[in-house]
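First the structure, in the form of structure tokens, and then the observations on it.
Values below: all heavy atoms of this structure, side chains included; hydrogens, waters and symmetry mates excluded. By convention in this document, chain letters (A, B, ...) are assigned in the order of the sequence lines, proteins followed by strands, and residues within each chain are numbered from 1.
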Amino acid sequence: MMPTLALKNVNKTFGHDTNEVQVLTNVNFEAVAGEVSLVIGPSGSGKSTFLTIAGGIQTPTSGEVLVEDRSLLALTGKARDAFRLNQIGFILQAYNLVPYLTVADQFTLVDRVKKQGNLSATELATLLEQLGIAELIQQYPGELSGGQTQRVAIARALYQNPEIILADEPTAALDSDRVKVVGGLLHDLAKQHHKAIVVVTHDLRLQEFADKTYTIMDGHMTLS
Amino acid sequence: MFLALREIRHEKLRYGLIVGMIVLVTYLVFVLSGLAYGLAQQNTQALDTWNASKIALNSDANDSLSQSLITKQTTDKLSLTKHEAYVGQAGVVAKAKGQAKLSAQFLGIQENQFIYHRLTTVAGHKPTTNHQILVDDSFKDNGYRLGDQVTLNSLTGKYQIVGFTHNAKLSVAPVVYGTLPTWRALAHVTSAYQAGGIVSERSTFKGADSSLRTLSLSQFINKLPGYSAQNMTFSFMIGFLMIIAMVVIAVFLYILTMQKLPNYAVLRAQGIPAKVLVTTTITQALLLVVGGLLIGAGLTALTVSVLPFGVPLAFNVPLLVGVTGGILLTGVIGALIPVRIILHVDPVSVIGG
Ligand SMILES: Nc1ncnc2c1ncn2[C@@H]1O[C@H](COP(=O)(O)OP(=O)(O)OP(=O)(O)O)[C@@H](O)[C@H]1O
Ligand SMILES: [Mg+2]
């Protein structure tokens with residue numbers, strides 16, 4: 001089966017000469033539609049770097065990033081924007097929401113920029129219900145707790161109805177019950193909606209929802 | 001538009017301050033421009049009503065009508081047509097019994113010539129004898145009435161106000177129109193002198209005599225005492241204000257943009273095109289500037305309506321359009337400065353952790 005998202009021999013170094021740090025070393029990775037792929041590693045191991053390269057926000061020093069067998073690195077900046085808007089749902093580690101938009105407006109903004117292919121109003125309502133944030137719709141991000149913010153961010157990413165969901169520590173601020181909800185949600189998205197889901201985390205509680213788990217240590221990735 | 005409006009709505013205080021600043025700058029620019037225009041008008045209004053295009057003066061008069069004398073001998077040699085008119089200028093202090101003294105500019109003209117024909121009265125009639133005068137209606141605002149007997153400088157005779165005319169100002173003083181013989185009396189010259197200058201409505205007119213120098217009316221106006229200096233001063237003030245406005249707006253927008261960069265980085269990470277964010281910033285700047293302009297214009301209108309009489313505040317359409325356009329342009333330029341930063345915002349910067 002063709003992987004939806006693949007990284008081949010990806011290396012990433014920051015800095016030059018004596019300051020050079022190798023953050024990713026020969027990373028090979030595949031995410032398939034219908035599966036949750038988990039990448040577990042300690043802080044500073046290169047998880048966010050990996051995820052941003054996979055999502056086309058950052059380019060690797062060497063190697064290839066393939067989306068449905070098309071090279072992401074060959075795309076122009078505009079085409080990569082469009083790719084992110086239409087095919088990728090990012091759940092970032094921090095600063096996910098625009099502070100001056102209410103929760104409802106966060107979704108409206110998506111509608112303004114991406115005119116089609118977003119969730120319907122009823123689908124959105126169901127999603128918000130599932131995540132337990134339906135009552136927060138008129139709040140500003142500043143009025144939400146860390147966990148609520150994270151759940152709104154998840155809803156926002158899913159709202160775009162992307163093929164690929166890249167999530168960076170989506171459960172960092174959540175208690176075990178909420179972790180189960182989010183884990184279950186991501187799992188269902190993979191199974192029922194045939195999405196490719198990639199979650200990087202150091203939260204071992206998510207392992208039970210994963211179809212496959214990679215471990216990342218000091219920039220080396222292994223499939224366990 | 002969506003992002004721009006939502007942000008303004010959420011950050012009312014911050015944007016309120018910017019609008020307040022734009023209001024003040026706009027207000028100042030409007031009022032200064034109005035003053036500049038008003039003063040410029042009071043320098044030349046009387047000349048404007050003549051609709052003339054050339055003036056010939058004595059070449060030794062340093063382009064000043066009040067210093068110029070032209071002899072009969074000279075004028076007899078010129079073949080003047082109905083498109084030319086004699087005029088003589090003298091500074092006068094007018095005084096009527098029971099009224100305050102008024103400094104004015106006396107203009108002696110001849111009854112059968114075009115300047116006389118061009119004059120319009122708002123009350124009374126034009127002078128027909130040497131002891132009649134037609135005066136600017138600001139005399140009326142100072143308490144003078146039709147029929148008042150006025151002394152001019154230290155001349156012994158009395159001059160009767162037989163009419164008022166509107167907008168007759170020269171060198172920011174009201175004009176008193178009278179006859180050439182009265183002018184001669186005021187200038188203490190004999191009838192060997194025909195006039196101070198010859199005004200023509202023809203652009204081809206030239207005072208064909210070596211003792212004469214012919215100027216276009218705009219050259220003549222620019223040589224009016226203090227006129228160019230005054231205009232230049234105002235132009236500089238308005239120019240600097242515009243530049244200051246631009247810098248301040250740019251700095252504000254720059255700081256605002258810097259504060260918003262994390263949000264913009266998130267939006268960029270989500271794939272929202274940089275174009276949308278740039279449009280948002282410029283829309284926002286325009287909204288702020290237009291809002292400020294409207295309030296500033298409103299304040300200016302209010303000022304004009306409560307201003308004490310005599311402050312020469314005047315506007316015309318080109319002036320208003322120019323000022324408004326200038327401030328709008330200023331806002332857009334100010335908004336363009338942070339655009340570069342927005343285009344280069346790095347989504348990775350917010351992702352770390
Ligand atoms: N732009 C950069 N310049 C230099 N070094 C960087 C840069 N970005 C990341 N690094 C380094 O790369 C390493 C991996 O960073 P990364 O953010 O990928 O870690 P992480 O696994 O996401 O950590 P965490 O769990 O704390 O979020 C870190 O040592 C970090 O200091
Ligand atoms: Mg990280």
Side-chain angles (χ1 to χ4, degrees), chain A residues 12 14 23 43-44 46-53 55-59 77-102 104-106 108-114 140-142 153 156-157 159-160 162 166 168-169 172 200-202, chain B residues 1-19 252-253 255-285 287-288 338-353:
Chain A
K12 180 71 180 177
F14 288 109
V23 176
S43 180
K47 300 186 298 292
S48 294
T49 309
F50 157 75
L51 204 70
T52 50
I53 288 177
I57 296 181
Q58 206 165 186
T59 52
K78 262 203 185 122
R80 226 177 290 165
D81 281 350
F83 161 73
R84 282 208 299 278
L85 189 62
N86 295 314
Q87 274 158 287
I88 299 248
F90 259 112
I91 304 167
L92 304 173
Q93 197 168 354
Y95 293 115
N96 268 294
L97 304 174
V98 183
Y100 46 84
L101 295 182
T102 61
D105 281 342
Q106 309 275 345
T108 312
L109 175 62
V110 176
D111 284 333
R112 294 286 167 126
V113 187
K114 180 172 178 260
Y140 285 98
R156 206 214 62 87
Y159 182 64
Q160 283 170 251
L166 303 177
D168 196 345
E169 307 274 13
V200 304
T201 186
H202 60 258
Chain B
M1 199 65 155
F2 175 73
L3 269 179
L5 280 176
R6 288 307 146 99
E7 191 181 0
I8 293 174
R9 206 173 69 182
H10 192 242
E11 302 284 354
K12 289 191 192 69
L13 176 69
R14 188 178 293 185
Y15 286 99
L17 284 175
I18 303 187
V19 171
F252 257 92
L253 290 174
I255 295 172
L256 278 184
T257 310
M258 292 309 277
Q259 286 177 333
K260 281 187 297 196
L261 280 188
N263 309 329
Y264 281 177
V266 170
L267 295 173
R268 294 285 293 122
Q270 287 165 4
I272 292 184
K275 207 179 82 186
V276 172
L277 304 181
V278 169
T279 319
T280 296
T281 315
I282 294 178
T283 313
Q284 223 167 39
L287 283 175
L288 297 175
V339 162
R340 220 182 60 89
I341 309 169
I342 297 171
L343 288 177
H344 289 103
V345 65
D346 182 7
V348 184
S349 61
V350 288
I351 287 163

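Of the two parts of A:I88, neither the backbone nor the side chain holds a non-hydrogen atom closer than 4.5 Å to a non-hydrogen atom of chain B. Interface residue B:K260: only side-chain heavy atoms are found under 4.5 Å from chain A. The part of A:R156 that comes within reach of chain B is its side chain, from C-beta onward, which places non-hydrogen atoms under 4.5 angstrom from that chain. Residue A:E169: no heavy atom, backbone or side chain, is found under 4.5 Å from chain B. A:Y140 touches chain B through its side chain: at least one heavy atom from C-beta onward sits under 4.5 Å away, while N, CA, C and O do not. For chain B, no part of A:P162 is nearby; none of its heavy atoms comes within less than 4.5 Å.
No side-chain heavy atom of B:F2 sits under 4.5 Å from any side-chain heavy atom of A:D111. Counting heavy atoms from C-beta on, the side chains of B:L287 and B:L5 come closer than 4.5 Å. A heavy-atom distance below 4.5 Å is not found between the side chains of A:L92 and A:D168. No side-chain heavy atom of A:Q106 sits less than 4.5 Å from a side-chain heavy atom of A:L109. Residues A:R80 and A:T59 meet the side-chain proximity criterion, which asks for heavy atoms closer than 4.5 Å.
Shown here for B:P347 and A:I57, the closest heavy-atom pair between the two residues is CB-CG2, 3.4 Å.
Here the CG-CD1 distance, from B:L3 to B:I272, works out to 7.0 Å after rounding to the nearest 0.5 Å.
No side-chain donor-acceptor contact under 3.5 Å links A:Y100 and A:D105.
Between A:R84 and A:D81 a salt bridge is recorded (basic side-chain N to carboxylate O distance below 4.0 Å).
Residues of residues 7-19 of chain B having a heavy atom under 4.5 Å from any heavy atom of chain A, listed by number: B:E7, B:R9, B:H10.
Ranked by heavy-atom pairs under 4.5 Å with chain A, the list B:Q270, B:R6, B:K275 is led by B:Q270.
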